[in-house]
Amino acid sequence: MSASTAETAVPPAKAPKVETPFRRFVSEFCESKLALVGLIVFAIIVFIAVFAPFLSPQNPYDLAQLDIMDGRLEPGTRDGADTMTYWLGTDDQGRDMLSGIMYGLRISLMVGAGSAIIACAVGASLGLLAAYAGGRTDTVIMRLVDLQLSFPTILAALMILAFLGKGIFNVVIALVIVEWAYYARTVRGTALVERRREYIEAAQCLALPTRRVIFRHLLPNCLPPLIVVATMQIARAIALEATLSFLGLGVPITEPSLGLLISNGYEYMLSGKYWISFYPGIALLVTIVSINLVGDQMRDVLNPRLKK
Amino acid sequence: MMISMRAAAMAAVSAFALSSAVPASAQNLSMAVGAQVTSLDPHYHALSPNLAVATMIFDTLTAFDSESRMEPGLAESWRAVEPTVWEFKLRPGVKFHNGNAFTAEDVAFTIARVPQVVNSPSSYAIYTRAIERVEIVDPLTVRFHTRSPYPVLPNDLGQVAILDKETHEGASTEDFNSGKVAVGTGPFRYVNFRSGDRLELERNDAYWGDKPHWARVNYRILPNDASRTAALLAGDVDFIDQVPTSDLANLRRSDKVRVSEKDGLRIIFLALDHLHPEGSPQITDAEGKPLGKNPLHDLRVRRALSTAIDRPAIASRVMEGTSMPSGQFLPPTAFGAIPDLAAPKADPDAAKKLLAEAGYPNGFRITLSGPNDRYMNDARIVQAIGQMWTRIGVRTQVDAQPWTTFISRAGRQEFSAFLVGWGSSSGEASNPLRSLVAGYDRDKGFGTSNRGRYSNPEVDAKLEAALRELDDPKREALLRDATRLAMEDVAIIPIHIQKNLWAMRPTLQHDSRADELTRAQDVRPASSQPAAR
């Protein structure tokens with residue numbers, strides 16, 4: 001981070017020779033303080049999620065550590081055995097909300113990032129193939145994309161999960177199936193432009209294998225829009241996972257994600273036990289907003305049309 | 001043109017004023033219930049919500065009061081004239097809603113119709129199966145001949161709505177749902193029925209019994225818990241059933257709402273896999289490897305699992321005081337229940353010791369299944385038991401799923417342990433014994449809901465003896481013996497008996513029922529006394 005701040009001091013226009021695309025990207029990204037805050041918050045969230053087992057006061061997924069007698073305690077209450085404080089209260093099963101949120105973030109990010117990476121790989125490959133091969137291949141793939149995009153996302157995910165059954169792995173599969181089309185369409189659009197460029201022609205003239213032309217020459221030049229879509233889709237995937245869990249189709253009830261934590265507390269909202277839903281909701285909100293801030297700024301920086 | 005438009009507008013306004021005035025009227029009652037009414041045909045689907053509706057429009061020969069004690073219905077009295085012959089004296093002067101007189105012919109017709117209802121998902125024929133033939137002695141006397149002595153026939157007939165031979169000859173279930181033949185002798189007459197939405201009724205002014213207070217009843221079906229509570233708080237409805245426990249504390253505190261409750265007859269219990277001797281489908285050893293045998297076949301393991309459960313904790317924390325911990329099928333005061341059999345005390349150390357004695361010092365792994373949309377707080381109870389089992393070394397994975405998937409999988413013996421409930425509508429012990437723990441025998445109608453396939457010839461023998469015994473004290477002793485045998489053998493693990501909850505405007509009062517039925521005739525304005533008969 002310090003390197004990038006140092007870089008902002010140097011106006012990029014005046015030092016074109018030391019400027020690499022990456023450095024230019026970093027310096028332009030840091031122009032927005034809001035995006036920087038988003039990035040820092042997101043980094044903290046990732047840190048919490050990765051090190052949750054060491055940071056959290058309780059393992060909320062180990063049933064033996066929960067005590068039903070500690071259920072629905074207010075934030076700041078000591079536990080029955082007087083060994084820890086529930087800073088954010090407990091849910092109906094006596095699960096520490098703070099620990100639950102930390103582990104919940106883990107699932108949310110894992111599902112979000114995992115599904116985005118797989119969907120990106122699948123979608124980008126198909127998009128590139130469609131653009132490069134053209135003709136019938138292009139038509140088939142793009143009609144599949146149209147078909148996919150014509151279903152409302154939630155409805156499609158609900159149907160897939162109803163068929164596959166519950167579980168984190170199945171949620172990832174469902175998210176990949178509903179999301180790959182966005183990547184495919186984005187990549188195809190860019191690739192259609194890029195494949196008519198001279199460097200592709202040159203590569204083809206060298207009789208390089210098609211796979212090499214696609215992945216070593218075409219793909220790197222289609223990356224910027226792909227990165228932007230991927231960032232946005234991670235946030236979308238996290239929100240979608242939370243929705244599915246809220247509807248009871250996602251993770252198992254003993255291993256709640258943020259969505260399931262919110263759903264568990266939802267029934268207690270009328271009785272004034274706000275904390276069971278409220279804090280996981282805040283955690284979900286902050287995560288999605290931070291990713292979106294980063295994604296927005298990346299879109300502005302990577303969009304050639306917005307270049308100053 | 002102008003005039004007609006104005007007239008239309010005025011009509012619309014006055015219609016609106018009328019409809020909005022309805023809840024305020026003292027003669028109308030708007031109720032919202034949580035469970036679907038699947039049909040108005042009283043012989044189609046043996047299900048509590050349907051029975052509730054049936055007992056508003058129709059009558060039965062015997063009836064049950066709010067404590068589930070038998071009382072006269074369309075029959076004034078009954079006695080066993082011989083061990084295999086029951087004689088019922090019918091109530092004179094009763095008329096169906098269409099003016100037809102009620103006679104012994106109608107009783108004979110009803111008994112004949114019950115087994116002939118087509119596509120019944122859960123037939124009422126179990127209640128008439130014992131009857132070999134119906135003998136009409138005179139228009140107000142009827143004799144039921146049974147194949148063998150059958151003392152619980154009056155209880156069983158309390159479930160069977162009496163139809164009119166003249167009106168209902170050849171009537172199909174659809175004819176009832178469309179309202180064409182929704183005609184009975186009950187306290188309310190049919191007005192309108194929209195399946196899944198609402199049933200509208202009006203008072204039967206010629207009713208033979210206590211006339212209900214309400215001239216019109218709007219019986220709405222609102223399955224979502226939060227919407228039902230919200231509808232009551234907003235004043236859209238006057239009365240709701242199945243109050244969610246999470247809202248209970250708030251509703252009790254509110255002076256805009258009155259809560260009524262009653263100890264119910266529905267036991268929530270864990271059924272265990274008594275079938276697979278070579279190893280239960282969802283049990284492995286502590287490392288996740290197959291065990292090669294079913295630990296649930298060992299009585300010590302079953303005792304340990306029962307002893308591990310802290311029932312009072314579930315009652316206070318999960319159910320928020322709306323359940324009674326139980327060690328048997330029915331409340332201790334019920335006929336055939338054991339008065340001094342309390343719920344087992346939680347003792348994790350003793351449970352661990354029992355497991356070690358049985359050869360599982362390190363415990364084992366098990367999946368505990370349950371529904372998440374059927375009983376009060378079902379998924380929460382399953383999780384709480386998961387905690388308690390894990391603490392004695394039985395690492396429990398909890399799997400809560402929607403009722404429809406859950407119950408079909410349970411019926412295929414796919415689970416090792418699962419939570420389920422049973423409402424004993426007749427309020428006596430032969431009902432749960434016969435359905436839940438008697439060895440599975442489809443032809444005899446035994447063990448029809450014995451999904452763990454428990455089988456104990458001693459229990460079966462006591463139960464069969466009880467079902468033939470006409471002498472009440474002797475029969476009760478036999479039922480108690482059978483209950484005790486099943487409970488000592490931990491055939492099932494009883495958890496608690498639910499309380500039934502209703503909530504209403506403070507200006508109403510409710511004669512709350514042990515059998516969960518939500519009926520308009522049990523509601524009346526708070527000050528008024530029940531009408532004298």
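As the structure is a computational prediction, the values presented were derived from the model and not from experiment. Proteins get letters first, then strands, A, B, ... in listed order; numbering begins at 1 in each.
Atom CD of B/Q397 has 12 or fewer neighbouring heavy atoms from other residues, nucleotides or ligands inside a 6.0 Å radius. Within a 6.0 Å sphere centred on CZ of A/R185, heavy atoms belonging to other residues, nucleotides or ligands number 12 at most. Remark: A/Y274 OH is packed, more than 12 non-hydrogen atoms of other residues, nucleotides or ligands lying under 6.0 Å away.
Between the side chain of A/R72 and the backbone N or O of B/R317, at least one donor-acceptor pair lies under 3.5 Å. Side chain of B/Q387 to backbone of A/I68: a donor-acceptor contact under 3.5 angstrom is found. One N or O on the side chain of A/K166 and one on the backbone of B/A400 form a donor-acceptor pair closer than 3.5 Å. Judged purely by atom type and a 3.5 angstrom limit, B/S246 uses its side chain to pair as donor or acceptor with the backbone of A/E267.
Of the two parts of B/A384, the backbone and the side chain both hold a non-hydrogen atom closer than 4.5 Å to a non-hydrogen atom of chain A. For A/N264, the part lying near chain B is the backbone, with the side chain staying farther off; criterion is any non-hydrogen pair under 4.5 Å.
Nearest approach of B/A313 to A/M69, heavy atoms of both residues: CB-SD, 3.4 Å.
Residues of residues 347-367 of chain B lying under 4.5 angstrom from chain A, judged on non-hydrogen atoms, do not exist here.
Under the 4.5 Å side-chain criterion, counting only non-hydrogen atoms from C-beta, B/Q383 is in contact with A/I253.
Screening residues 236-263 of chain A for salt bridge (Lys or Arg N to Asp or Glu O under 4.0 Å), with sequence neighbours left out, gives no hits.
One finds the CZ atom of B/R391 at 7.5 Å from the CG atom of A/L66 (value rounded to the nearest 0.5 Å).
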